[in-house]
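Remarks on the structure that follows.
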2 protein chains.
Amino acid sequence: MSLHLRSAQALKLWHDSVLDLVHLDESGLTVRQLSILLTVYLELPPHTVRGVALKLKVTKPVITRALDSLGRLELVARRRDPADKRNVLIQRTVKGALFVEKLGDFMVTRAQTLPS
Amino acid sequence: MSLHLRSAQALKLWHDSVLDLVHLDESGLTVRQLSILLTVYLELPPHTVRGVALKLKVTKPVITRALDSLGRLELVARRRDPADKRNVLIQRTVKGALFVEKLGDFMVTRAQTLPS
DNA sequence: CTCGATTGTTACGCAACCGATATAGAGCAA
DNA sequence: TTGCTCTATATCGGTTGCGTAACAATCGAG
């Protein structure tokens, strides 16, 4: 299924979904934090601080702080890499998985109600 | 065109687009601010502080402050409602329109490269 | 073992956001 | 006019985020 999405549809889809997210009130989230969360849950592990920082093109302290916040919300977890103890592996959590799943449901539902 | 989107596709679409947004570095934006911006540009005017606050289910000061930020970035503008001078009308700007348009382009492009 | 390189974190100063409350101005009804 | 309501904003204290720079721990080559 190749997705042919017109710009107006795409924007409405984003708008509707973001609105759902805001209503979820877990919305203290920054766009950056959201992108970190999605990266961790959608891309193949392992995820390191440095790796995510490179992908987002931000500095490492940004990732560290975001992990503090996301960790407080139990949306991700940290673990030292046993192989190379300098690394910190960013791990998924049950709560985070449910959260991301809900996000996906939002979008699927909203996509179905898009005007053609 | 009814959009049948699987959850995994939807999430990847969101992830890719959010990543583009972060790279745009206009990403000091909060999810809330983003939702305000999209609301103003996708829904029919007029937009008042109260109206947007209701839609997002937040208090009015939240909107006022967000408009301060978005106004500083020239993504939206304010104008007093001449009819009812208690109201402030939130208006679109050229810069904001270009920004939202770019967002739409991101999504359209990303949607085309989604795996089926 | 030593030393430079790498990784993630912390410290600091600053700016922005939040919620709650208080305030100022405009409308409205009697 | 006199209240009362409605709108948006200002203000307050507390929290969180940012960028830069310094830091401790770890690795690995020599």
Side-chain angles (χ1 to χ4, degrees), chain A residues 18-19 21-40 45-92, chain B residues 18-19 21-40 45-91 99:
Chain A
V18 165
L19 215 51
L21 178 56
V22 169
H23 289 164
L24 212 63
D25 203 42
E26 213 109 17
S27 70
L29 291 185
T30 301
V31 174
R32 278 183 181 174
Q33 293 172 343
L34 182 60
S35 71
I36 294 174
L37 192 65
L38 288 174
T39 295
V40 169
H47 299 287
T48 65
V49 172
R50 170 181 163 77
V52 176
L54 278 179
K55 171 163 280 281
L56 268 69
K57 296 179 186 165
V58 297
T59 59
K60 287 185 292 178
V62 168
I63 306 298
T64 294
R65 285 187 293 252
L67 291 182
D68 290 342
S69 307
L70 294 174
R72 244 177 273 127
L73 297 171
E74 296 178 82
L75 296 178
V76 300
R78 268 190 267 221
R79 213 188 93 216
R80 277 283 164 191
D81 183 351
D84 184 340
K85 288 176 192 157
R86 287 174 303 179
N87 289 333
V88 160
L89 302 178
I90 310 170
Q91 303 202 295
R92 303 172 184 172
Chain B
V18 165
L19 216 51
L21 178 56
V22 169
H23 288 165
L24 211 65
D25 202 42
E26 213 107 18
S27 69
L29 292 184
T30 301
V31 174
R32 276 184 183 174
Q33 292 172 343
L34 183 60
S35 71
I36 293 174
L37 192 64
L38 289 174
T39 295
V40 169
H47 299 287
T48 65
V49 172
R50 170 182 163 76
V52 176
L54 278 179
K55 171 161 282 279
L56 269 68
K57 296 178 185 166
V58 297
T59 59
K60 285 184 289 180
V62 169
I63 306 299
T64 295
R65 284 187 295 253
L67 291 182
D68 290 342
S69 308
L70 294 174
R72 245 176 274 128
L73 297 172
E74 297 178 80
L75 296 177
V76 301
R78 271 189 265 223
R79 213 187 93 215
R80 275 283 163 193
D81 183 351
D84 185 340
K85 289 176 191 155
R86 290 174 303 179
N87 289 334
V88 159
L89 301 178
I90 309 169
Q91 303 202 293
F99 179 79

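Not measured: the values here are computed from a predicted model. Naming convention: chains lettered A, B, ... in sequence-line order (proteins, then strands); numbering from 1 in each chain.
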From [atom1] of [X] over to [atom2] of [N], roughly how many Å is that when rounded to an integer?
X     : N      : atom1 : atom2 : answer
B:K60 : D:dT11 : NZ    : P     : 18 Å
A:Q33 : D:dT15 : CD    : C1'   : 13 Å
B:D84 : D:dA8  : CG    : C1'   : 11 Å
B:L67 : D:dT7  : CG    : C1'   : 14 Å
A:R86 : D:dC23 : CZ    : P     : 20 Å
B:N87 : D:dT5  : CG    : P     : 18 Å
A:R50 : D:dT26 : CZ    : P     : 19 Å
B:L29 : D:dG17 : CG    : P     : 16 Å

Looking across every strand, which nucleic acid part, if any, lies under 4.0 Å from [X] by heavy atom: base, sugar-phosphate, or nothing?
X     : answer
B:R65 : base
A:A83 : sugar-phosphate
B:K85 : sugar-phosphate

| query | Would you say the side-chain atoms of B:R80 pair up with the backbone N or O of B:K85, donor to acceptor, closer than 3.5 Å? | reply |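 Looks like yes, one N/O pair under 3.5 Å.
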Within the structure provided, determine whether [X] and [Y] are in side-chain contact (heavy-atom separation under 4.5 Å).
X     : Y     : answer
A:L21 : A:L34 : yes
A:P46 : A:D81 : no
A:V58 : A:V52 : no
B:I36 : B:K55 : no

| field | Contact summary for A:Q33 and A:G28, nearest pair of heavy atoms | value |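 So the two residues come closest at OE1-O, 4.0 Å.
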| request: Over all heavy atoms of both residues, which pair between B:R32 and B:V62 is shortest? Give the atoms and the distance, please. | output: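 Minimum heavy-atom separation between B:R32 and B:V62: NH1-CG1, 3.7 Å.
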| Considering only D:dT20, D:dT16, D:dT7, which nucleotide approaches the side chain of A:T59 most closely? |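 Ranking D:dT20, D:dT16, D:dT7 by closest atom to the A:T59 side chain puts D:dT20 first.
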| request: Report the nucleotide, chosen from D:dA21, D:dA8, D:dG17, that has the shortest atom-to-atom distance to any side-chain atom of A:T30. | output: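 The listed nucleotide nearest to A:T30's side chain is D:dG17.
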| request: Could you list where the contact with chain B starts and ends along DNA chain C, reading 5' to 3', using a 4.0 Å heavy-atom cut-off? | output: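 Here the contact window of chain B covers C:dA16 to C:dG27.
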| task | With DNA chain D as reference, determine whether B:I63 or A:P61 sits nearer its 5' end, using the nearest nucleotide of each. | result |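 Mapping each residue to its closest nucleotide by heavy atoms, the 5'-most match is B:I63.
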| request: Assign each of A:D68 and A:D81 to its nearest nucleotide of DNA chain D by heavy atoms, then name whichever residue's nucleotide is nearer the 5' end. | output: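 It is A:D68 whose nearest nucleotide is closer to the 5' end.
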| query | Does B:T48 make a side-chain N or O approach to OP1 or OP2 of D:dT7 shorter than 4.0 Å? | reply |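 No.
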